[in-house]
Amino acid sequence: MKNIIEKRTIILYIILSILFIVVIGAIFNQIAKHYVISSYEGQLQSNGEYISDQLEMTSIESFQHDLVFYHEQFNVDLFYESEVEERLLHTFNTAELNVLRHLRGNLEYVGEVELIEDRLITTYQLEDGEFLTIATERLPLTALSTTIWWGVFFFSLFATVLLWSFGNRLYDSYVKPVIKATETSKELVDGNYQARIHDAPYGIAASLSQSINRLGRYLEYITSKYENQNSRLKTVVNNMESGALLINEKGVTRLVNESLLQQFSIEKTPFIGEIYYEVVEQDELNGVIQEAIFTETKQHQSIELKDGRFIEVFVAPIKDQESHQARGVVVVSHDITDLKRLERVRKDFVANVSHELRTPITSIQGFAETLLEDDSIDEDKQKQFLKIMKKESKRLNILVQDLLDLSVLEKDEYELKLSTFTASKLVNDIKAIVDQPAEEKSLNLVFDVKDDLQIHADYYRLYQLALNLISNSIQYTNEGGDITLTIEKGDDNVLIEVQDNGIGIAEKFHNRIFERFYRVDKARSRHSGGTGLGLSIVRHITEAHDGQIQIESREEEGTTIKVTLPQK
């Protein structure tokens with residue numbers, strides 16, 4: 001089907017040629033028919049005039065004899081009709097009765113020649129009411145037409161074979177190679193550089209095919225080389241931790257990596273080929289880029305995003321080495337959120353440590369100076385001051401111990417002292433410490449632990465973890481409240497859960513309560529003697545065991561902290 005469509009031009013020429021031959025045949029057929037009719041018509045008129053002059057009615061027998069004579073002599077049929085005597089004489093045979101019936105009573109052909117059933121007929125008036133009709137033999141019109149149309153058919157067939165053969169040769173030698181070359185060129189334009197012309201034509205078409213094949217091989221080589229370089233460049237750029245953005249001199253983005261899109265929360269598509277300020281919805285970043293473009297100088301700025309992250313941006317103009325004209329700018333960005341957080345943590349740590357140390361030291365120093373300088377203080381007052389100094393020194397000692405524990409847990413080389421022990425032993429040791437504080441606040445302390453439950457972990461650190469969690473619950477649960485410690489064993493982990501119905505923690509503080517010295521209720525924490533390091537120690541102990549910690553809490557509804565430790 002495709003081959004027929006491609007050769008539609010040849011088919012069109014063949015159809016036109018056949019139509020031309022048919023038209024010529026029809027014209028020739030009409031001309032030949034007219035020539036034959038004209039020839040017979042002249043002869044008919046000549047014979048008719050002679051016969052009509054010679055015939056004379058003497059008797060019916062002699063007249064019929066004369067009709068037969070002229071019929072045989074001139075090879076015509078004669079029909080005599082007398083309206084007066086109502087007499088009919090003719091030489092027609094039975095096969096010609098149709099013509100005879102047509103002539104009877106129809107005298108409209110007098111003086112005229114008409115063609116009826118391939119016979120020329122004319123009528124002469126002999127006497128008043130007497131008519132003689134002369135009809136030629138059947139003209140060879142049908143045979144002539146058949147011969148002509150058979151000639152048209154064979155000539156059309158010959159023309160079809162000739163044109164098809166010549167057209168196919170012309171098509172295969174010139175048209176088909178050009179069509180194939182056109183299709184291959186379109187594929188090369190569309191990016192299919194492996195397209196080739198595999199036929200082997202000759203002449204000019206062969207040179208064209210070879211040239212296109214060489215062009216395809218060259219384009220494939222160049223494209224492969226470009227794609228390899230582009231792939232290596234994309235691999236390098238996309239695997240950079242730093243964000244990268246390239247903008248040309250018209251402000252159109254030409255290159256971007258995943259890091260920059262993620263840093264500024266930019267949709268990936270469409271991006272390349274767009275004006276930078278239409279796809280970058282960060283006003284501060286756009287401002288830095290515009291400043292670098294207009295001033296053609298390097299720019300540097302730290303940008304704080306809405307989600308609290310910090311991005312450091314460096315923008316440098318790209319200049320042509322020869323003309324020194326600006327060709328765009330390159331933007332490099334770094335996520336410095338962790339650095340900012342560490343800096344903030346360091347500042348908060350120094351400030352908090354200073355504050356936490358200053359408070360007990362100031363108290364101890366003040367009361368010591370008072371006792372040394374004022375001899376008039378009575379014994380009861382001295383004991384009161386000494387108790388306060390003891391309390392503050394104890395608080396100072398706990399703070400220093402917690403700081404030492406944190407420093408040990410944060411070391412990379414720290415190793416846990418793993419052992420296997422029962423959960424009941426852990427609970428008993430904790431109860432000995434927390435029973436008295438719980439009784440003082442009339443708290444209902446419940447331990448839901450199976451006696452035979454085995455735990456594989458660092459006993460001291462796990463004891464420290466559970467004790468800090470329960471101590472926090474005791475501090476922040478009102479009198480008469482409930483606290484439950486649950487330890488359960490799963491298939492490959494152990495779950496430690498501490499639940500209370502205390503004052504709870506607002507959701508906005510959940511992400512910060514594990515930071516060092518962070519307190520939701522600072523006044524209450526200090527009044528209870530807390531250091532603000534307990535939950536931070538809990539988090540580090542959990543991470544040292546490759547575990548996970550989760551908090552669920554709402555204000556005035558209580559808090560649940562779950563620690564999951566893997567068991568190997």
What I'd like to find out is whether the side chain of [X] reaches to under 4.5 Å of the side chain of [Y], using heavy atoms alone.
X	Y	answer
Thr422	Asp451	no
Ile561	Val538	no
Leu535	Ile549	no
Leu215	Leu219	yes
Phe310	Asp335	no
His456	Ser419	no
Leu305	Gln282	yes
Lys319	Glu296	yes

Using modelled atom types and a 3.5 Å cut-off, is there a donor and acceptor pairing between side-chain atoms of [X] and backbone atoms of [Y]?
X	Y	value
Ser553	Ile505	yes
His545	Asp458	yes
Asn257	Leu260	yes

Worksheet item: Should Phe447 and Leu445 be marked as a side-chain contact (heavy atoms from CB on, under 4.5 Å) after you check the CA-CA gap, both sets of side-chain angles, and the distance that decides it?
Response: CA-CA 7 Å; Phe447 295 91; Leu445 195 59; 3.6 Å; yes
Kindly check if the number of other-residue, nucleotide or ligand heavy atoms within 6.0 Å of [atom1] ([X]) is above 12?
X	atom1	answer
Glu274	CD	yes
Arg217	CZ	yes
Gln436	CD	no
Glu284	CD	yes

Worksheet item: Between Thr297 and Gln299, does any side-chain donor sit less than 3.5 Å from a side-chain acceptor?
Response: yes
Discussion item. Under 3.5 Å, is there a donor on one side chain and an acceptor on the other for Arg232 and Gln229?
Written reply: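 Note: Arg232 and Gln229 side chains miss the donor-acceptor criterion.
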For [X] and [Y], work out which heavy atoms get closest and say how close.
X	Y	result
Ile541	Gln464	CD1-OE1, 3.8 Å
Gly547	Pro566	CA-CD, 3.8 Å
Ser242	Val332	CB-CG1, 4.1 Å

Worksheet item: Going by the angle between their ring planes, with limits at 30° and 60°, are Tyr218 and Tyr221 parallel, tilted or perpendicular?
Response: tilted
Worksheet item: Quick one: salt bridge (Lys or Arg N to Asp or Glu O under 4.0 Å) partners of Asp448, sequence neighbours excluded?
Response: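 Applying salt bridge (Lys or Arg N to Asp or Glu O under 4.0 Å) to Asp448 gives none.
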Nearest-0.5 Å distance that lies between atom [atom1] in [X] and atom [atom2] in [Y]:
X	Y	atom1	atom2	value
His300	Ser302	NE2	OG	6.5 Å
Ile483	Asn472	CD1	CG	10.0 Å
Arg461	Leu465	CZ	CG	11.0 Å
Lys431	Leu467	NZ	CG	14.5 Å
Gln301	Ile311	CD	CD1	12.5 Å
Ile303	Ser333	CD1	OG	8.5 Å

Item to complete: Start with the C-alpha distance between Leu462 and Ile455, add both sets of side-chain angles, then the distance that settles side-chain contact (heavy atoms from CB on, under 4.5 Å), and finish with yes or no.
Response: CA-CA 10 Å; Leu462 198 58; Ile455 301 176; 3.8 Å; yes
Worksheet item: Does the ring center of His334 lie less than 6.0 Å from the ring center of Phe314?
Response: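 Under 6.0 Å, so yes.
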Side chains of residues 486-504: which donor-acceptor pairs under 3.5 Å do they make with residues two or more places apart or in other chains?
from	atom 1	to	atom 2	distance (Å)
Lys489	NZ	Gln454	O	3.3
Asp500	OD1	Gly502	N	3.0
Asp500	OD1	Thr559	N	3.1
Asp500	OD2	Ser473	OG	2.9
Asn501	OD1	Asp482	N	2.9

Fill in: Charged N-O contact under 4.0 Å between Asp452 and Lys450
no
Worksheet item: Would you call Asp429 and Lys425 a salt bridge, using N to O less than 4.0 angstrom?
Response: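 A salt bridge is present here (some side-chain N lies under 4.0 Å from a carboxylate O).
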Practice prompt. Please report the C-alpha distance between Ile293 and Gln290 in whole Å, then the side-chain angles of each, then the deciding distance to 0.1 Å, and finally whether the side-chain contact (heavy atoms from CB on, under 4.5 Å) criterion is met.
Written response: CA-CA 5 Å; Ile293 293 175; Gln290 290 175 1; 5.6 Å; no
Worksheet item: What residues, two or more places apart in sequence or in another chain, satisfy side chain to side chain contact (heavy atoms under 4.5 Å, CB included) together with Leu339?
Response: Ile336
Practice prompt. Walk me through it: do Ile289 and Val313 pass the test side-chain contact (heavy atoms from CB on, under 4.5 Å)?
Written response: CA-CA 10 Å; Ile289 295 174; Val313 177; over 6 Å; no
